[in-house]
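In what follows, a structure is listed as structure tokens, so that the remarks can point back to it.
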Amino acid sequence: DSNYLTRKIPTELGQLSIMTSLRIHNNLWTGTLPPELSYLTALQSFDASNNSLTGTFPIEFKSWIDMQELYLDDNMLTGTLPTGIGSWSALRVLLVRNNSLTGTIPTE
């Protein structure tokens with residue numbers, strides 16, 4: 001929360017497999033979303049909004065089947081959202097505005 005942390009998101013966060021919420025918004029994170037975060041299979045809420053993240057949304061994140069809230073708005077993400085997120089039946093909030101994403105929100 002607004003600590004102005006810089007650098008890339010540490011891949012080691014993926015080792016915290018029982019974490020249910022990860023909030024790293026309002027900082028200065030750069031680089032891509034590390035695919036290793038897909039190991040957080042209990043994750044229900046992820047907020048990385050308002051950073052300087054680039055690259056695409058990793059296909060590996062489809063393993064977040066318990067995801068309820070995903071905030072990735074106000075970054076510099078590109079590409080499309082992967083098909084797998086359409087199967088996140090618990091998803092209530094999806095904010096991805098103010099990026100350079102293309103396509104539609106997947107339904108499967």
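Residues F46 and E69 form no side-chain contact, since every pair of their non-hydrogen atoms from C-beta on lies 4.5 Å or further apart. Counting only heavy atoms from C-beta outward, the side chains of L81 and L101 approach each other to under 4.5 Å.
Expressed to the nearest 0.5 Å, how far OG1 of T56 lies from CG of L77 amounts to 8.5 Å. Separation of atoms CE (M67) and CD1 (I85) is listed at 10.0 Å; rounding is to 0.5 Å. In this structure, I65 CD1 and T41 OG1 are separated by 8.0 Å, a value rounded to the nearest 0.5 Å. Here the CG-OG1 distance, from L16 to T20, works out to 11.5 Å after rounding to the nearest 0.5 Å. A distance of 7.5 Å separates CG of L94 from CG of L72, quoted to the nearest 0.5 Å. For the atom pair NZ (K8) and OG1 (T54), the distance works out to 8.0 Å, reported to the nearest 0.5 Å.
Side chain of T80 to backbone of G103: no donor-acceptor contact under 3.5 angstrom is found.
Criterion: ILVMFWY side-chain heavy atoms under 4.5 Å apart, direct or through other members. Under it, L43 and V96 are part of a common hydrophobic cluster. Taken together through direct or relayed side-chain contacts under 4.5 Å among Ile, Leu, Val, Met, Phe, Trp and Tyr, F61 and M76 form parts of separate hydrophobic clusters. L22 and W29 fall within a single hydrophobic cluster, where Ile, Leu, Val, Met, Phe, Trp and Tyr side chains are chained together by heavy-atom contacts under 4.5 Å.
Considering all non-hydrogen atoms of both residues, P82 and P106 come closest at O-CG, 3.2 Å. Scanning all heavy atoms of the two residues, the minimum distance from G84 to K62 falls at CA-CB, 3.8 Å. The two residues I9 and P34 make their nearest non-hydrogen contact at O-CG, 3.7 Å. Nearest heavy-atom pair, T32 versus G55, reported as atom, atom and distance to 0.1 Å: CG2-CA, 4.1 Å. Annotation for P58 and P35: closest pair CB-CA, 4.4 Å, computed over non-hydrogen atoms.
I59 CD1: more than 12 foreign heavy atoms inside a 6.0 Å radius.
Every pair tested for ring pair (Phe, Tyr, Trp, His ring centres under 6.0 Å) that includes a residue from residues 82-108 fails, sequence neighbours excluded, so the list is empty.
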Report task. Give the C-alpha distance, both sets of side-chain angles, the deciding distance and a yes or no for side-chain hydrogen bond (donor to acceptor under 3.5 Å, both in side chains) between N98 and D73. Result -> CA-CA 6 Å; N98 296 328; D73 45 310; over 6 Å; no
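Between N51 and N75, the side chains place no donor N or O within less than 3.5 Å of an acceptor N or O (distance only, hydrogens not considered). Using a 3.5 Å distance cut-off with no hydrogens or angles, the side chains of S45 and R23 do pair a donor with an acceptor.
In this structure, V93 shares a hydrophobic cluster with Y71, L95, the cluster being traced through Ile, Leu, Val, Met, Phe, Trp and Tyr side chains under 4.5 angstrom apart.
A side-chain hydrogen bond (donor to acceptor under 3.5 Å, both in side chains) with N50 is found for one member of N27, N26, D74 and no other, namely N26.
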